[in-house]
Student: 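I have a structure I would like to understand better, so I am pasting it below and will then ask my questions one at a time.
Please read all numbers here as calculations on a predicted model, not as lab measurements.
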Amino acid sequence: YAMSYENVTLPDGQPRMGLLGVNYLYNLPADLYAGVGGYAAVKGDRGGFFTLGFDAGFHRQLLNNVRLDAGLYLGAGGAHNSHHDEGEGLMLRPHIGLEFEHNGYFYGLSYARLEYPSGTIKSNDVVANFSVPSNLTYADFATLGHTYNKVRLDGYSFPEQQLSLNNQSYFLRSDSSKDATVQLIGIQDRYYFKPQFFTVVSAAGAYKGQDNGYMEAFGGLGWQPKVNLLSGLTWHSSVLLGAGGGGGAVTSGGVLMKVKTGLQYAISPRFAFDVDAGYVQAHKGDFKGYLVDAGLNYRLRFAKYSPAIDEVSPLSVRTRGVTLMAQHITYFSPQFSVANKSGDVGLFGVNLNVFLNKNIYVGGQAASAYAGDAASYATGLLGIGYRYSFTKKWYADTSLQLGAAGGGGIAVHEGAVWQPSVGLGYNLTRDVSLQASVGRLNAFKGDLHTTSLTFGVSRNISLIGAA
């Protein structure tokens, strides 16, 4: 996992934009790497600036603990603004720098050239970097859905992790405009690094209640005492810091803070239900109000290497397939709500699926426009799918997704959308697949009804989890 921060110079004397980046990178042979990631505004006057894209590059060891890092980020996105300086939304960001390793972590400084080729943003930036290695343990994707009994995994732990689908309600209280209630749909990942303490990462988009286009992403820490209030009922609290904006939300530089507390009820060993209440507020800007958050959690325990653990007792483990796909998406002549806009729209997307068994999966997709007359358009979809393998090489895939979309003048009304799709895939290697899919994206209330064509390449693994 690679994180970065830089100050971006904007044209026409606009305030500089502080940009926070998060990327997931996979090491390839010959010191190469590739991955997916995004950037968000956290300083300046562009709250709601988000990009999504692909990163590739190489590392070259120079000294025992110093390495060269060079690469290119190809992304899409931005934020609606009156300067129209992001063009159609395509963002390029080559970089080169040095990284210093200490206790397994990498710290670095680099030079980056951030540019929108079809716009007027062209910035030379000094970037601070920080990288954290992953300690996930995985097997070949072909083993997904297998259970192994009495397995001995010395030096490994199985911390709890909860993936959830969340619906949030924001009851906003504005000093300068009318109050509003905003509905958001999103996903959340809660990881228990200690039995009572967890990290939390979440992302959500508005689908009802205000102008479409509001998005947010958060990260934070939480506490869940291992004391049952009633059978299966526990209490938890969390504090989160993040970025958000768009859809008319006044978030200034984009930094948001959120605190919430609530109850969790264990429906079964695998599923739990959360209800939280709390408060959200922009660090600067007029965005603030109370919140209610309800979520359905899927509980997992994946193997992670922990050198401090000498041995564990034999146990049963189960492999769960996970696919991470980089996508190119085309909307064919989507409907616009703004006059004088027309034509196809090109998007970059990222799709993550977790398999519940050998065929059924749940997952999410995020995408942003980079070509066409829809700059700043973005969408986030969640859903369920089914994959059927004809042979070891070929498979068919179908899915049904719903979520939120907005920006770019596309006719999604308040933002709620849904999409069925079918596709055909080919396993290029044991862990890499190619896939083509056709879908039909529909707004629940707006005029949008467009055919989409998606080409993707995915990295496929099976995570080892407690059965």
Side-chain angles (χ1 to χ4, degrees), residues 1 132 134-137 153 155-171 184-204 216-242 244 255-281 283 288-313 315-318 320 354 356 362 463-467:
Y1 302 94
V132 181
S134 171
N135 60 351
L136 276 176
T137 301
L153 291 174
Y156 288 84
S157 64
F158 290 81
E160 182 174 344
Q161 189 168 358
Q162 298 183 8
L163 303 177
S164 64
L165 170 65
N166 292 70
N167 187 89
Q168 299 182 87
S169 298
Y170 284 175
F171 305 96
L184 302 97
I185 188 171
I187 55 174
Q188 178 177 275
D189 180 15
R190 188 183 293 174
Y191 169 70
Y192 289 80
F193 61 93
K194 296 289 184 182
Q196 297 183 17
F197 296 94
F198 58 86
T199 59
V200 58
V201 177
S202 67
E216 64 179 32
F218 279 92
L221 295 171
W223 177 48
Q224 183 168 332
K226 296 301 180 182
V227 176
N228 285 342
L229 304 177
L230 295 171
S231 178
L233 187 66
T234 57
W235 165 76
H236 58 262
S237 294
S238 56
V239 178
L240 303 98
L241 188 66
V255 173
L256 302 176
M257 295 165 285
K258 183 188 291 187
V259 293
K260 58 181 183 177
T261 186
L263 299 174
Q264 180 176 98
Y265 178 71
I267 303 170
S268 71
R270 284 293 180 197
F271 291 93
F273 183 72
D274 279 2
V275 177
D276 289 27
Y279 193 79
V280 61
Q281 180 172 348
H283 175 58
K288 58 186 177 182
Y290 296 99
L291 68 91
V292 175
D293 185 356
L296 179 63
N297 298 6
Y298 185 55
R299 306 165 79 175
L300 299 161
R301 291 181 181 272
F302 291 127
K304 294 196 175 183
Y305 182 64
S306 304
I309 298 176
D310 293 328
E311 62 179 45
V312 296
S313 300
L315 74 165
S316 295
V317 298
R318 182 179 177 85
R320 296 190 179 277
V354 177
L356 305 181
V362 294
L463 295 179
I464 300 173

Student: Under the side-chain contact (heavy atoms from CB on, under 4.5 Å) rule, what do Tyr298 and Val362 come out as? Steps first, then yes or no, please.
Tutor: CA-CA 10 Å; Tyr298 185 55; Val362 294; 5.8 Å; no
Student: Taking only residues two or more places apart in sequence or in another chain, which ones pass ring pair (Phe, Tyr, Trp, His ring centres under 6.0 Å) with Phe273?
Tutor: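 Phe273 satisfies ring pair (Phe, Tyr, Trp, His ring centres under 6.0 Å) with no residue once adjacent residues are dropped.
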Student: Would you please name every residue forming a salt bridge (Lys or Arg N to Asp or Glu O under 4.0 Å) with Arg301, sequence neighbours left out?
Tutor: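 Here the qualifying residues are Glu160.
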Student: Can you find a side-chain donor-acceptor pair between Gln168 and Lys260 that sits under 3.5 Å?
Tutor: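 There is no such pair between these side chains.
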Student: Say you draw a straight line from OG1 of Thr137 to CG of Leu463; how long is it, rounded to the nearest 0.5 Å?
Tutor: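 Spacing of OG1 (Thr137) from CG (Leu463) equals 9.0 Å.
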Student: Hey, what do you get for CD1 (Ile185) to CG (Leu165), rounding to the nearest 0.5 Å?
Tutor: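 Output value for this atom pair is 5.0 Å.
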Student: Suppose we screen for salt bridge (Lys or Arg N to Asp or Glu O under 4.0 Å). Which residues come up paired with Asp274, at least two apart in sequence or across chains?
Tutor: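 Result, salt bridge (Lys or Arg N to Asp or Glu O under 4.0 Å) vs Asp274: Arg190.
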Student: Under the side chain to side chain contact (heavy atoms under 4.5 Å, CB included) rule, collect the residues that match up with Phe193, sequence neighbours excluded.
Tutor: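 Phe193 satisfies side chain to side chain contact (heavy atoms under 4.5 Å, CB included) with Tyr191, Phe197, Thr199, Leu221 only.
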Student: Measure across Ser268 and Arg299 and return the closest heavy-atom pair with its distance rounded to 0.1 Å.
Tutor: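 Nearest pair, atom of Ser268 first, then Arg299: O-NH1, 3.8 Å.
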Student: Distance from Tyr265 atom OH to Leu230 atom CG, nearest 0.5 Å?
Tutor: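 Separation between the atoms: 9.5 Å.
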Student: Under the ring pair (Phe, Tyr, Trp, His ring centres under 6.0 Å) test, which residues partner Tyr192, sequence neighbours left out?
Tutor: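 Testing Tyr192 for ring pair (Phe, Tyr, Trp, His ring centres under 6.0 Å), a comparison that skips the adjacent residues, returns Phe198.
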Student: If I compare all heavy atoms of Ser164 with all of Asn297, which pair ends up nearest, and what's the gap?
Tutor: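 Heavy atoms only, the tightest pair is CB-OD1, 2.8 Å.
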Student: Any pair with a residue in residues 230-241 that passes salt bridge (Lys or Arg N to Asp or Glu O under 4.0 Å), sequence neighbours left out, goes on the list, sorted by first then second residue, please.
Tutor: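 Non-adjacent pairs meeting salt bridge (Lys or Arg N to Asp or Glu O under 4.0 Å): zero.
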Student: Would you check if Lys288 and Tyr279 make a side-chain contact, meaning some heavy-atom pair closer than 4.5 Å?
Tutor: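 Side-chain contact under 4.5 Å: yes.
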Student: Could you report the tightest heavy-atom contact between Phe158 and Ile464, atom names first, then the distance?
Tutor: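 Heavy atoms of Phe158 and Ile464 come nearest at CE2-O, 4.1 Å.
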Student: Can you see which heavy atom on Leu240 is nearest to which on Val200, and at what distance?
Tutor: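 The answer is CD2-CG1, 3.5 Å.
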Student: When you look at OH of Tyr290, are more than 12 heavy atoms from neighbouring residues, nucleotides or ligands closer to it than 6.0 Å?
Tutor: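 No.
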Student: Shortest non-hydrogen contact from Asp276 to Gly262?
Tutor: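 Smallest interatomic distance, heavy atoms only, reads OD1-CA, 3.7 Å.
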Student: Please state whether the rings of Trp223 and Trp235 are parallel, tilted or perpendicular, taking 30° and 60° as the class boundaries.
Tutor: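 Perpendicular: the ring planes of Trp223 and Trp235 meet at over 60°.
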Student: Quick one: are Leu263 and Val275 in side-chain contact, heavy atoms under 4.5 Å?
Tutor: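 Not touching, per the 4.5 Å side-chain cut-off.
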Student: At what distance, to the nearest 0.5 angstrom, does CD of Gln264 lie from NE2 of His236?
Tutor: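 If I round to the nearest 0.5 Å, the distance is 6.5 Å.
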Student: Determine, step by step, whether Val255 and Leu241 satisfy the side-chain contact (heavy atoms from CB on, under 4.5 Å) criterion, reporting the C-alpha distance in whole Å, the side-chain angles of both residues, the deciding distance to 0.1 Å, and the verdict.
Tutor: CA-CA 7 Å; Val255 173; Leu241 188 66; 3.9 Å; yes
Student: Closest heavy-atom contact between Ala466 and Arg270?
Tutor: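 The pair with the smallest heavy-atom distance is O-NH2, 3.3 Å.
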Student: With rounding to the nearest 0.5 Å, note down the distance linking CG in Leu184 to CG in Asn167.
Tutor: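 Atom-to-atom, Leu184:CG and Asn167:CG are 8.0 Å apart.
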